[in-house]
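Only this structure's heavy atoms are used, side chains among them; waters, hydrogens and symmetry mates stay out.
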Amino acid sequence: MKIIINIFLLTFINITFLLFFFNGKQELLDTFSRSVHNDIAVGNNRYAALKLNFLNDNYFEKIYLNFEDDKYLTVLNSQNKSLWEIKIRSLIKLSDSSKKKTYVVGIISLKKYVPLFILINCVYLSVLLLVSFFLRKQSQKIRNAELKELLAKSRLKITKSVAHDIRSPLTALEMMVGQMNEISREKKKNALQAIGRIQDIANGLLQNKIVDEALMVPVRSIVENLLTEKRESLKKTKKKIDLQFEFDKTSYGIFSDVPQMLLKRVLSNLINNAAEALDEEGKIVIRLEKEGGDFSLIVNDNGKGIPEKVLKEIKNRKNVTFGKVNGNGIGLMHAFETMDTYNGIIEINSSEDNGTEVAIKLPAAQVPRWFCNEIKIVSDNIIIFDDDESIHNSWKSILAGRDLSIYSAFKKSELLALTDEIENYQVISDYDLGEEQSGLDVIESLSIQDRAILVTSFYNERDVQDKSDSLGVKIIPKEYFPHAPIKDLRNSEIVFVDDEMLLRKGWELEAKNKGIKCDSYSSSEDLKAMISNYDTNTAFYIDKELNGEDGLELCQWLGEKGFNHIHLATGHSPSDFRDATYLSAVVGKEFPL
């Protein structure tokens, strides 16, 4: 079957080439034929013959007219045609009264194009051989993947019937919650999110796949939402469990390529295991840590621990369980499979009566374009645009002690009152303002997107992300905006190192428009020669490929010199630089402010 397909493809390629080739020759002949016809019509037979000679010399093996009354037009008349020759003709009409059909005829010899045909076929066969070799080399991996898929199908078969049965009541519950006007908007949103998560799980099981979630959500937000659900469910048990979440400032901007629902399911299973290991009371601590290009989610409990023999079997990936009446080990095996799929690892440390610690380590994903990694202050004047007074108070507390003038705007009209002076302000705006227009609409109407930040609970909605991205407005999730890093750039400068001159000029112009000092260099040597001009607060943005140099080496050199704000400006994924602990972040090449 494969041989037949390849013969068909090769034939198709050859026929396609011939069709394009002959079509081009036909169009050329038609164009010249019209010109020859015009020359004959006005009696310029010599010019017609010259044009035919030109065609003969440059594009055809032979060319002639089937019209023999004029000596100038019969010079090229030769109708002897070999087997290798193809005839192309173009009709010309010498006069309306003439019934005789006259053609300009071109002869193409295929013999001279045989090497080209051989080359095309050789290229195709070479590519085919390379692909076949690659496929053979990957066949074992494919077979292993198929075995894993079969194993997953068998495990999911048990739960499919349950998943099918819960879909209908979930749909009804979603409709009822949506119609409940007596509960607050925030509670309704949380309830619908919880129902949506259960529906995603059920749909994923029924379809024998995990629902693909296109929207990326910060890992910290995923964990916090899950723990809110877990605390509620643990209240219904007889156990007194203290569920805690620990994180530091490095956890603010961590994203993962693992879909939100899948990461939640893995972490949920680990928390359930920890809760099962506790007797009447105990403590479970989830820690989120980042190191280089990786992040870790660590679940630690002070329960009864795992016997050494059982722990060994778990590490060997056997479906074993301990301390559960109806356990089957599927949850932990699912976690192992997920880590394998997304290049992560699982580490388990435990001893009897001393508790258990399970750490999942994953590569951090590229931070999405819409996300605000840090609040960069470039103006002395800040406008807080939000309809909630408590948010204004929070921002005033966060920004206190920074010598800033902070103005509060609760409505669009209050912001419009500052239109004449607004170019001197930075704007921190909510999305849902309780008005017809959203915060993004107002930002767009006032053309202040280059100095605005959106802080909203709707950050994970596609239309909000898409519009923010199109405007160039960065988003901070509202639930943890107090933890967003703040960098004061009013008295500092940016240094950009890239070997593309136009890109450097673009950064310099953008910085000038925003009143920020920006120096740019084309090589590491140029920067090193001027490094004494910069202090540790300078923000460096270094390209990875610097005309033969490795920009990462320059970043490391800056780290050794004591500089604290070093960014690798590249299209590579942060996971490619796991060990580069001297980097503040891996970002794109767009201007960062």
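Annotation: Lys240, atom NZ; neighbour count of heavy atoms from other residues, nucleotides and ligands within 6.0 Å does not exceed 12. Counting non-hydrogen atoms of neighbouring residues, nucleotides and ligands closer than 6.0 angstrom, the CD atom of Glu560 exceeds 12 such neighbours.
Of the possible polar contacts, none joining the Thr237 side chain to the Ser233 backbone as a donor-acceptor pair under 3.5 Å is found.
Not counting sequence neighbours, the partners of Gln437 by the side chain to side chain donor-acceptor pair (under 3.5 Å) test are Lys412. Applying the ring pair (Phe, Tyr, Trp, His ring centres under 6.0 Å) rule to His392 yields the partners Phe410; only residues at least two apart in sequence or on another chain are considered. Residues satisfying the side chain to side chain donor-acceptor pair (under 3.5 Å) criterion with Asn354, sequence neighbours excluded, are Ser351. The side chain to side chain donor-acceptor pair (under 3.5 Å) test applied to Ser390 returns Asp388, not counting sequence neighbours. Take Asp386 and apply the salt bridge (Lys or Arg N to Asp or Glu O under 4.0 Å) test, not counting sequence neighbours, and it matches Lys478. Not counting sequence neighbours, the partners of Asp441 by the salt bridge (Lys or Arg N to Asp or Glu O under 4.0 Å) test are Lys467. Legend: residues meeting salt bridge (Lys or Arg N to Asp or Glu O under 4.0 Å) with Glu357, ordered by chain and number and at least two apart, are Arg287. The salt bridge (Lys or Arg N to Asp or Glu O under 4.0 Å) search around Asp380 returns Arg490, not counting sequence neighbours. With sequence neighbours left out, the side chain to side chain donor-acceptor pair (under 3.5 Å) criterion links Glu479 to Ser221, Tyr459. Partners of Tyr252 according to the ring pair (Phe, Tyr, Trp, His ring centres under 6.0 Å) rule, which considers only residues two or more places apart in sequence or in another chain, are Phe371, Tyr480.
Note: Ile222 CD1 to Gln260 CD = 4.5 Å, rounded to the nearest 0.5 Å. Taken from CD1 in Ile241 to NZ in Lys235, the straight-line distance is 13.0 Å, to the nearest 0.5 Å.
Annotation: ring-ring contact (aromatic ring centres under 6.0 Å, His included) contacts involving residues 229-250, sequence neighbours excluded, comprise Phe245-Phe247, Phe247-His483. Residue pairs satisfying the salt bridge (Lys or Arg N to Asp or Glu O under 4.0 Å) criterion with at least one member in residues 393-403, sequence neighbours excluded, are absent.
A donor and an acceptor atom, one from each side chain of Lys474 and Asn373, are nowhere located under 3.5 Å apart. Side-chain contact check for Asp242 and Gln244: at least one donor-acceptor pair (N or O, by modelled atom type) lies under 3.5 Å. For the residue pair Ser268 / Lys230, a side-chain donor-acceptor distance below 3.5 Å is found, with atom types taken as modelled.
Across all their heavy atoms, Ser251 and Arg220 have their closest contact at OG-CD, 3.7 Å.
Below 30°, between 30° and 60°, or above 60°: for Trp370 and Phe255 the angle between ring planes is above 60°, a perpendicular geometry.
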